[in-house]
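FYI, side chains are in, hydrogens and waters are out, and symmetry mates aren't considered; it's all heavy atoms of this structure.
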Amino acid sequence: MKRTFAVDPWMIATHQFHPEDKRLQESLTAIGNGYMGMRGNFEEQYSGDQLSGTYLGGVWFPDKTRVGWWKNGYPAYFGKAINAPSFLPIRIKVNEQPVDLAKNSFRDFYLALDLHQGLLTRQFIYEGDQVEVRFEFQRFLSNVVKEAALINVKATVLSGKATITFDAGLEGRVANEDSNYDERFWEPQAEDPTQKTIQLQTKPNPYDVPQFTVLLKQQLRVNHQPVTGVVTTGNGWLNEQIVADVATGETYQLEKDVIVVTSRDVAPSDQQQTAAALMTTLQTHSFSEQLAAHTQLWAQRWEQSDVVIEGDPAAQQGIRFNIAQLFMTYYGEDKRLNIGPKGFTGEKYGGATYWDTEAYIVPMYLAVTPPDVTRALLQYRHDQLPGAYHNAQQQGLAGALFPMVTFNGIECHNEWEITFEEIHRNGAVAFAIYQYTAYTGDESYVNRDGIEVLVGIARFWADRVHFSKRTNQYMIHGVTGPNEYENNVNNNWYTNTMASWTLSYTLARLAKANADVVAKLAVTAEEKAKWQDIIDRMYYPVDDELGIFVQHDTFLDKDLRPASSIPADQRPINQHWSWDRILRSPFIKQADVLQGIYFLNDRFTQAQKERNFDFYEPMTVHESSLSASIHAILAAELGKTEKAVALYARTARLDLDNYNNDTDDGLHITSMSGSWLSIVQGFAGMRYDHDRLRFKPFLPKEWHRFSFKINYRGRLLAVDVSEEVNVILLAGPSIDIEVNGELQHLEKGDDHA
């Protein structure tokens, strides 16, 4: 596997620049702060191929769905994560010659993302006509002032004399690569050369979606002192020019401070004043002082979340990269936001959240962030419950159907087989409520807001099933399971299983929920009886001879063969085969039956787990970023340690090593928790059920040691696995846990091996 960046425990760094890998490098050096983010584009002009991208949390556009044949219930629009006005540009000329690495001669290139604090640095030596200049760039998006971006450029003349021109700009003339007919989503509103601001608004739309207004403001500092250059403006852009004569051996430093405010938080009429106040606050400290405060917040996050691996530097780099990118995308500060599949790293997919959040992010965030961060993810779904009811009504169904893709709760994805057949996401939303409650012991959410979500989902399932008189059982036809390489199947085992589980869990929680909420929901005795009947008579496809749960009714009729039979030059198949051929094949994109076994783990025997794993994993091509982690966890549980470690490597380094040849358009943010899950739930064997925390660790043979911390019910525990297993209670009241089946009582500060 080609590695663009060197292996380093805390850095994503390279001394090489390959124009053909420019987009990949941009993805791998993307940064964010939960409020906004950007790809690793260059500040200066670059005329070669690139994907320019700056993104603002919660700012989007409802692009009209374009289909040849309209179907009733089809989403009216596709929600786009739109490329936002850019604050990045600092165009540079040396002696009137543009600095452009697509055209210039240069040497000593270096590009690095420091995972300690999300700091992006770059440098190179520009080789011009009788002049050499070393350029050094630093930038970060502040965790202290969420609206702030800070860029620092140093130019050191190594030989000759240089007149260096800096054109620092704010650029609203941006577009999406995937826009229909090259349309643009932003319309200029105002430019103010005195205040050094531009203001733009998303263009009108015919849907009940607000237009977003954004204002960008910049202030330059030279050698740490505020300056104002020659400012020019145009329709949707602003440029500020600084010219400096720099002699041999001298260094010229330019700092660009930026404030970005949006109408999500500040009314358009107040944005100028708000941005000015934020800029004043920002400029009370230098770039280095702002970076120090920003780094301190990162240090607090790493103190709780870091996973240390000794003996495998590539594995160490992989998990830290994934944790850093997750935290740069979401840390719970804004309950209106969620975790998009590309985060702030690209425009692909659209939408603010998939079922990935509940299935993959929640179990990690429960353990490595304060409880209110995960609570915010649950609240996000409750707040969008009206949209879920709308989605179900569009299909002529009762209850609530949570969207596959959304910004506001309304379904906005335009593939029918995904949007309205992949309804299993309802089960993941319900299961996240269960996981939060079981892990934290906090029943306040499930007994009030959570029960409203559960009842909405239960009512959907009760209407979506149908009763087969022939078999005297309930069935669910016309679905897409987690394996998206099959569409419109009948009785997907995972979907049926999660539907039945949700009904059962909802009935159990109704009996404990707050009386006023139960009264408002008015679930009748007839409804409860119907739910119980569905639970008792749900159909599950099984094959007794093989001893497996069958993925769907006709799966065993396929030409069953292992993925190893596919020629290497035809992988990944989604980039080589027609969709028709993929749908007819037996090859599985990601865990499907095994996803259900992972979720409801304590319901199945070890023999059932092993038979299903041995049957389905060989046919799995792992072409979903969500695939490897679930298989790694189950492989670890089954003692298949080498396979577990190999699959961990795939999930930990999916983007760093570009396993699926698709990282150039953005990172796979919502699968990045899979590396943490593979270690903690897989290698450490962590489970939590029946109010007991359990570990059953093993040490990968190439590793010398691994350790991590988790918070659990008001406690902070450190787990260290080497030849021995040590669990230490760092904070909180005493607790009883299980390690390898043995009960241990932990007191604060005790070292248990």
Side-chain angles (χ1 to χ4, degrees), residues 63-80 178 341 348-351 353-356 359 388 390-397 401-406 410-429 460-461 463-466 475-499 541 550-555 557-558 572-593 595-596 619-627 660 662 670:
D63 206 19
K64 180 176 174 59
T65 298
R66 298 177 186 273
V67 292
W69 298 97
W70 191 267
K71 298 177 178 68
N72 287 336
Y74 214 84
Y77 57 79
F78 176 66
K80 281 186 178 292
D178 67 351
K348 188 177 178 182
Y349 296 134
T353 184
Y354 280 28
W355 73 293
D356 309 10
H390 168 85
N391 298 332
Q393 290 166 6
Q394 290 295 101
Q395 307 311 307
L397 293 165
L401 174 59
F402 281 91
M404 188 62 185
V405 178
T406 195
I410 303 296
E411 179 62 68
C412 64
H413 192 55
N414 60 1
E415 293 181 69
W416 184 272
E417 64 272 19
I418 303 300
T419 303
F420 292 114
E421 289 188 348
E422 205 165 332
I423 55 177
H424 66 79
R425 74 262 191 171
N426 254 10
V429 172
F460 172 83
W461 286 128
D463 201 22
R464 183 60 172 79
V465 303
H466 72 272
M475 298 184 173
I476 307 178
H477 283 190
V479 302
T480 298
N483 173 28
E484 293 175 338
Y485 284 177
E486 296 177 311
N487 299 153
N488 200 37
V489 301
N490 294 336
N491 294 311
N492 171 255
W493 181 87
Y494 171 79
T495 303
N496 288 20
T497 297
M498 292 309 297
V550 181
Q551 192 158 287
H552 61 83
D553 278 349
T554 61
F555 184 81
D557 297 328
K558 293 193 170 196
I573 60 174
N574 63 21
Q575 296 175 23
H576 293 88
W577 289 8
S578 71
W579 190 240
D580 171 74
R581 185 179 181 186
I582 289 173
L583 292 178
R584 289 186 287 107
S585 82
F587 302 121
I588 302 170
K589 185 179 182 184
Q590 67 189 80
D592 195 302
V593 167
Q595 184 78 37
M619 288 184 282
T620 305
V621 291
H622 300 295
E623 289 176 12
S624 164
S625 62
L626 303 172
S627 183
N660 288 337
D662 62 355
T670 48

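Defined by atom type and a distance below 3.5 Å, a donor-acceptor pair is present between the side-chain atoms of Gln590 and Ser624. Side-chain contact, Tyr485 with Asn574: a donor N or O sits under 3.5 Å from an acceptor N or O. A donor-acceptor pair shorter than 3.5 Å can be found between the side chains of Asn491 and Asp553. A side-chain donor-acceptor contact under 3.5 Å links His424 and Glu422. Donor-acceptor pairing under 3.5 Å is recorded for the side chains of Glu486 and Asn483.
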Intermediate values then yes/no, side-chain contact (heavy atoms from CB on, under 4.5 Å), Val621 and Ile588: CA-CA 6 Å; Val621 291; Ile588 302 170; over 6 Å; no

Worked verdict on Val405 versus Glu411 for side-chain contact (heavy atoms from CB on, under 4.5 Å): CA-CA 6 Å; Val405 178; Glu411 179 62 68; 3.9 Å; yes

Derivation and outcome, side-chain contact (heavy atoms from CB on, under 4.5 Å), residues Ile582 and Phe587: CA-CA 7 Å; Ile582 289 173; Phe587 302 121; over 6 Å; no

Thr480 and Asn488: CA distance, side-chain angles, deciding distance, side-chain contact (heavy atoms from CB on, under 4.5 Å) verdict: CA-CA 6 Å; Thr480 298; Asn488 200 37; 5.9 Å; no

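Side-chain atoms of Trp493 and Pro541, non-hydrogen and from C-beta on, do get closer than 4.5 Å to each other. In this structure, Asn492 and Ile476 have side chains that are not in contact, with every pair of non-hydrogen atoms separated by 4.5 Å or more. Taking 4.5 Å as the limit, some side-chain heavy atom of Trp461 sits within range of a side-chain heavy atom of Asn426.
The shortest non-hydrogen separation linking Asn660 to Gln575 is O-NE2, 2.9 Å.
Ring geometry, His466 versus His477: the interplanar angle exceeds 60°, so the pair is classed perpendicular (tilted spans 30 to 60°). Ring geometry, Phe555 versus His552: the interplanar angle exceeds 60°, so the pair is classed perpendicular (tilted spans 30 to 60°).
Because its NZ or CZ atom is both nearer than 6.0 Å to the ring centre of Trp577 and within 45° of the ring axis, Arg581 counts as a cation-pi partner of that residue.
Between Lys589 and Glu623 there is no salt bridge, since no side-chain nitrogen of the basic residue lies less than 4.0 Å from a carboxylate oxygen of the acidic one.
When atom types are taken as modelled, the side chain of Gln395 and the backbone of Gly73 share a donor-acceptor pair closer than 3.5 angstrom. In this structure, the side chain of Asn487 does not engage the main chain of Glu417 through any donor-acceptor pair within 3.5 Å. Under a 3.5 Å cut-off, the side chain of Arg425 and the backbone N or O of Phe402 do form a donor-acceptor pair.
Taking Asp580 as the reference, Arg584 meet the salt bridge (Lys or Arg N to Asp or Glu O under 4.0 Å) condition, with sequence neighbours excluded.
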